[in-house]
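Worksheet for the structure shown next.
This one's a predicted model, so the numbers in the text were calculated from it and none came from an experiment. Numbered from 1 within each chain, the chains take letters A, B, ... in sequence-line order.
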Amino acid sequence: MSQVKDLPRLAEQPVTVSGWIASVRVHARVAFVVLRDGTGVVQGVVVKSAVSEDTWALVTSLTQESCVAVGGVVREDARAPGGYELTVSDVELIGASDEYPIQPKEHGVEFLLDHRHLWLRSSMQRAGLKVRAEVEQAIHDFLYGRDFVRIDTPILTGAIGESAGTLFETDYFGERAFLAQTGQLYVESACPAFRKVYCFGPTFRAEKSKTRRHLTEFWMVEPEVAFADSNDNMTLQEAFVCYMVERALERCGPELEVLGRDLSRLESVVAPFPRISYCEAVERLNAEGRKFEWGRDLGAVEETLISDWFDRPVFVYNYPKEAKAFYMKENPADPRTVLCNDLLAPDGYGEIIGGSQREDDLDRLLARIREEGLPEEAYEWYLDLRKFGTFPHSGFGLGLERTVGWITGRPHIRELVPFPRLINRLKP
RNA sequence: UCCCGCGUAGCUCAGCUGGUAGAGCAGACGGCUGUUAACCGUCGGGUCGCAGGUUCGAGUCCUGCCGCGGGAGCCA
């Protein structure tokens, strides 16, 4: 059996290709059968006088998404999409398909998500998920190439990551358990064992968000590096993001074309990225007439304004303490702030990375936990890391779907995960 | 949780200031040597989201509920 992607090398040769019917156009004496096999799409030409009566009858009755094996000869022909087509001699029906719900036309979001298991076959969806897979591979390759050790962190947890209000709770043999919303505390633990580590997996947030940038289950990669300060952290993020974009440009050209992505917007994504402190950002926002009070966290509107100042992703660093999580290290130069950064993607895609240097001083960390009213006993093991050889370290979390959403230029990140989990959507 | 918008055929939608429903696609049948979401013709297909209300009369106006979409907050 041959694959569609190999057909240009098999010109004038007889082949058999198996796949699914994208469309059939039947005329009086000739029919066109468009076949998708997962490696590509090819048009088969069936001439009535050249095939058996049974074959013609089968071809003219084929429906969208029927699975078939098609035998024929590969021909170069300018009229064929892709330049090559199949002159069909015989067709075998493998699996019939009656009244396939998704038509080659506009559909509503709800309908498409209800049929996500079938929607995956559509060209835009295949392109988006292919880019996702490439970016995932790029993540592993980049970190492997820099001697990071992958640490798989638990999904069922007793400890708490950030804020307790947004956790999915479940029963664990009579005990309360939570689905992990970050693997950070665990990679911090593995840091003294391997120096550079990362985790990459699904995370869960019970936030009732209804925006194009939110999922309740999303994938996050979280590198953590010993002896790295906040600046080192940003430099790593910059190289990391550049590498992902490079890989997408290098290996997903056809997919980005299907998606209609403006490649010049991606080609400008090269280091160094601009770095602007929270204080500078607030100053500039106010100078531009947007009233914004120092101390508040930046909202979606402010993030978009800031990212529009630049042609590539931008770091906003050292936010006020109150706006950020308890584990971030106090800024010695300005104790109102912490050593942290967000990375804002261009074109309104918002925050794709949140990172920080971690608080490595036991007393300060404990004080912060108490200030936030967090359950101290849940963090006992985490505090141990500051008792037994504490060390400066930094890390960050990059949201995969947001990053791929930005790279592909899709309007909503729900399309960049095979089976999105959203508020009100658990199926299919 | 809050704000805005939308629920009409399997799908995407039209239906003006109230007079009990229409198109395209999909499906079935017929026609057409090369189409690119082919085209042309014929046919079948509807508790107008649900429940009340106003009215002689409601898809259309009002109220409530449900569902969906977009945004805010929160975050990646």
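For Leu422(A) and G70(B), the CG to C1' distance is 13 Å, given to the nearest whole Å. At whole-Å resolution of the value, NZ in Lys324(A) and P in C74(B) are 10 Å apart. The CD-P distance, from Glu303(A) to A76(B), rounds to 10 Å in whole Å. The CZ-C1' distance, from Phe396(A) to C75(B), rounds to 17 Å in whole Å. We find that CD of Glu110(A) is positioned 16 Å from P of C66(B), with the value rounded to whole Å. When rounded to the nearest whole Å, the span between CG of Leu344(A) and P of C75(B) equals 14 Å. Remark: P of C68(B) and NZ of Lys427(A) are 12 Å apart, rounded to the nearest angstrom. When the C1' atom of C75(B) is taken as reference, atom CD1 of Ile353(A) falls 15 Å away, rounded to whole Å.
A23(B) and G45(B) have their C1' atoms separated by 14 Å, given to the nearest Å. G24(B) and A9(B) are spaced 12 Å apart, taking the C1' atom of each and rounding to whole Å. Between the P atoms of U1(B) and C40(B), the separation comes to 49 Å (whole Å). Here the separation of C65(B) from C3(B), taken at their P atoms, is 12 Å to the nearest Å.
The cationic atom of Arg275(A) (NZ for Lys, CZ for Arg) lies less than 6.0 Å from the six-membered ring centre of Phe315(A) and within 45° of the ring axis.
Tyr382(A) contributes no side-chain N or O that, together with a main-chain N or O of Ser189(A), makes up a donor-acceptor pair within less than 3.5 Å. Between the side chain of Arg150(A) and the backbone N or O of Phe200(A) there is at least one donor-acceptor pair closer than 3.5 Å. Although no hydrogens or angles enter the test, the distance criterion places a donor-acceptor pair under 3.5 Å between the side chain of Glu359(A) and the main chain of Glu330(A).
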Pick out the pairs of N or O atoms, protein on one side and nucleotides 43-47 of chain B on the other, that lie under 3.5 Å.
none

Distances for protein N or O near nucleotides 1-6 of chain B N or O, under 3.5 Å:
unit_1 : atom_1 : unit_2    : atom_2 : d
U1(B)  : O4     : Lys208(A) : O      : 3.1

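The closest side-chain donor-acceptor pair between Tyr319(A) and Asp342(A) falls under 3.5 angstrom. Remark: the Gln64(A) side chain and the Arg121(A) side chain contain no N/O donor-acceptor pair separated by less than 3.5 Å. Side-chain atoms of Tyr327(A) and Gln184(A) include a donor-acceptor pair closer than 3.5 Å.
Backbone-only contact: Ile352(A) has heavy atoms under 4.0 Å from sugar-phosphate atoms and none from a base. Counting non-hydrogen atoms under 4.0 angstrom, Arg212(A) reaches the backbone sugars and phosphates but no base. Among the protein residues, His115(A) comes within range of no part of the nucleic acid, since none of its heavy atoms lies under 4.0 Å from any strand. Asp98(A) comes within contact range of no nucleotide atom at all, as no heavy-atom separation falls under 4.0 Å. Glu207(A) comes within 4.0 angstrom of a nucleotide base, judged by non-hydrogen atoms across all strands.
Put simply, the residue from Arg132(A), Arg410(A), Arg212(A) that forms a side chain to side chain donor-acceptor pair (under 3.5 Å) with Glu415(A) is Arg410(A). For the side chain to side chain contact (heavy atoms under 4.5 Å, CB included) with Ser97(A), the lone residue among Val68(A), Leu62(A), Thr63(A) that qualifies is Thr63(A).
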After noting the C-alpha distance and the side-chain angles of Tyr278(A) and Asp334(A), does the key distance pass the side chain to side chain contact (heavy atoms under 4.5 Å, CB included) rule? CA-CA 12 Å; Tyr278(A) 171 88; Asp334(A) 180 0; over 6 Å; no
Kindly indicate, with the supporting measurements, whether the criterion ring-ring contact (aromatic ring centres under 6.0 Å, His included) is fulfilled by Phe32(A) and His27(A). CA-CA 8 Å; Phe32(A) 300 92; His27(A) 300 246; 5.7 Å; yes
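Note: Tyr198(A) and Phe148(A) have perpendicular aromatic rings, judged against thresholds of 30 and 60 degrees for the angle between ring planes.
Secondary-structure stems of RNA chain B, taken as three or more successive Watson-Crick or G-U wobble pairs (i with j, i+1 with j-1) under a 3.5 Å distance threshold, comprise B:1-7 with B:66-72, B:10-13 with B:22-25, B:27-31 with B:39-43, B:49-53 with B:61-65.
Both Leu113(A) and Ala323(A) lie close to RNA chain B; mapped to their nearest nucleotides by heavy-atom distance, the more 5′-ward contact belongs to Leu113(A).
Within residues 69-87 of chain A, the residues having any heavy atom under 4.0 Å from RNA chain B are, by residue number, Asp77(A), Arg79(A), Pro81(A), Glu85(A). Scanning residues 17-36 of chain A for heavy-atom distances under 4.0 Å to RNA chain B yields Ser23(A), Arg25(A), Val26(A), His27(A), Ala28(A), Arg29(A), Val30(A), Phe32(A).
Distances shorter than 4.0 Å separate none of the side-chain N or O atoms of Asn424(A) from OP1 or OP2 on G67(B).
For C68(B), its base never sits under 3.5 Å from the side chain of Arg425(A) at any donor and acceptor pair.
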Just by protein heavy atoms under 4.0 Å, how would nucleotides 22-28 of chain B read 5' to 3' in B, S and -? --BBSS-
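Counting heavy atoms of neighbouring residues, nucleotides and ligands inside a 6.0 Å radius, atom CD of Glu283(A) does not exceed 12 of them. Heavy atoms of other residues, nucleotides or ligands lying less than 6.0 angstrom from CD of Glu293(A) number 12 at most.
For an aromatic pair to be called close, the ring centres must be under 6.0 Å apart, and Trp381(A) with Tyr186(A) satisfies this.
In this structure, the separation between CG on Leu400(A) and CE on Met220(A) is 11.0 Å, given to the nearest 0.5 Å.
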